[in-house]
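A short write-up of the structure that comes next.
Since the model is a prediction, treat every value here as computed from it, not as a measurement.
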Amino acid sequence: MTTTATTTHAPTSTFGVLIRTGVIAAVAASAATMAVAAAGHAAGVSLDVSGAPIPVAGFGVLTAALSLLGVVIAAVLLRFARRPRRAFVRTTVVLTVLSLVPDVIADAGTATKVLLMLTHLVAAAIVIPAVARRLAA
């Protein structure tokens, strides 16, 4: 008598790990962008854009929302892309570069623009690799 072991992939556990990792990365990225904004502000960089101040907490809220949107993109790619990791990294790198455009053209000082762009890059450096590691190559 012989027995055959069958291995099946459990997409729900992969999906769950992806979501959990994405949420943790979003929280970490939010904290990091708030820290960068607070440090920049403490160093004398204005957080005013078009004459209106951006609150430090606003950096965290926006980072969390857009990071979670990235997790949704990852989940969709996990389901439909042939190479989800590759598609996710390419998509999110392009979106990160595009996210810098409003900062470049913002009605703000140069130091403020640089600080805004830095927060985008910090968030991307945290979220993209964390989520990408949970996707199949």
Fill in: Smallest separation among heavy atoms of Ala25 and Ile126, with atom names
O-CG2, 3.7 Å

Worksheet, complete the sentence: When every non-hydrogen atom of Val17 is compared with those of Arg134, the smallest separation belongs to CG1-CD, 3.5 Å

Worksheet item: Taking Ser30 for the side chain and Ala64 for the main chain, is one N or O donor matched with an acceptor at less than 3.5 Å?
Response: yes

Discussion item. So, taking the atom named NE2 in His120 and the one named OG1 in Thr33, what distance separates them when rounded to the nearest 0.5 Å?
Written reply: 9.0 Å

Fill in: Hydrophobic cluster identity match, Leu135 and Ile19, side-chain contacts under 4.5 Å
yes

Item to complete: Grab the two heavy atoms, one from Ala74 and one from Val131, that are nearest each other, plus how far apart they are.
Response: CB-CG1, 3.5 Å

Practice prompt. Flag yes if Val23 and Ile128 sit in one hydrophobic cluster, no otherwise; membership is Ile, Leu, Val, Met, Phe, Trp, Tyr, and two members link when side-chain heavy atoms are under 4.5 Å apart.
Written response: yes

Discussion item. Restricting to non-hydrogen atoms, name the atom on Arg85 and the atom on Ala132 that form the minimum distance, rounded to 0.1 Å.
Written reply: NE-O, 3.0 Å

Discussion item. In the structure I gave you, are the side-chain heavy atoms of Leu47 and Pro53 within less than 4.5 Å of one another anywhere?
Written reply: no

Worksheet item: Does Val104 belong to the same Ile/Leu/Val/Met/Phe/Trp/Tyr cluster as Leu121, with side-chain heavy atoms less than 4.5 Å apart forming each link?
Response: yes

Response to the item:
Nearest heavy-atom approach of Leu68 to Ala26 is CD2-CB, 4.0 Å

Worksheet item: Should Asp103 and Val114 count as side-chain neighbours, where that means a heavy-atom distance under 4.5 Å?
Response: no

Worksheet entry | Any side-chain heavy-atom pair of Thr63 and Thr119 under 4.5 Å | no

Worksheet item: Among the clusters formed by ILVMFWY side chains lying less than 4.5 Å apart, do Val122 and Val27 turn up in the same one?
Response: no

Worksheet item: Once you round to the nearest 0.5 Å, how far does CZ of Phe88 lie from CD1 of Ile73?
Response: 7.5 Å

Discussion item. Quick check: is Met117 connected to Val49 through a chain of hydrophobic side chains (ILVMFWY, heavy atoms under 4.5 Å apart)?
Written reply: no

Worksheet item: Given the rule in the side-chain contact (heavy atoms from CB on, under 4.5 Å) test, do Phe59 and Val36 qualify, once you have shown the distances and angles that lead to the verdict?
Response: CA-CA 9 Å; Phe59 285 86; Val36 168; over 6 Å; no

Discussion item. Strictly distance-based, threshold 3.5 Å: is any side-chain N or O of Thr112 a donor or acceptor partner for the main-chain N or O of Ala108?
Written reply: no

Discussion item. Can you tell me how far apart CG (Leu69) and OG1 (Thr92) are? Round to the nearest 0.5 Å.
Written reply: 11.0 Å

Practice prompt. Provide the closest heavy-atom pair for Val127 versus Ser67 in the form atom of the first, atom of the second, distance.
Written response: CG2-OG, 3.5 Å

Fill in: From His41 atom NE2 to Asp48 atom CG, the distance as rounded to the nearest 0.5 Å
8.5 Å

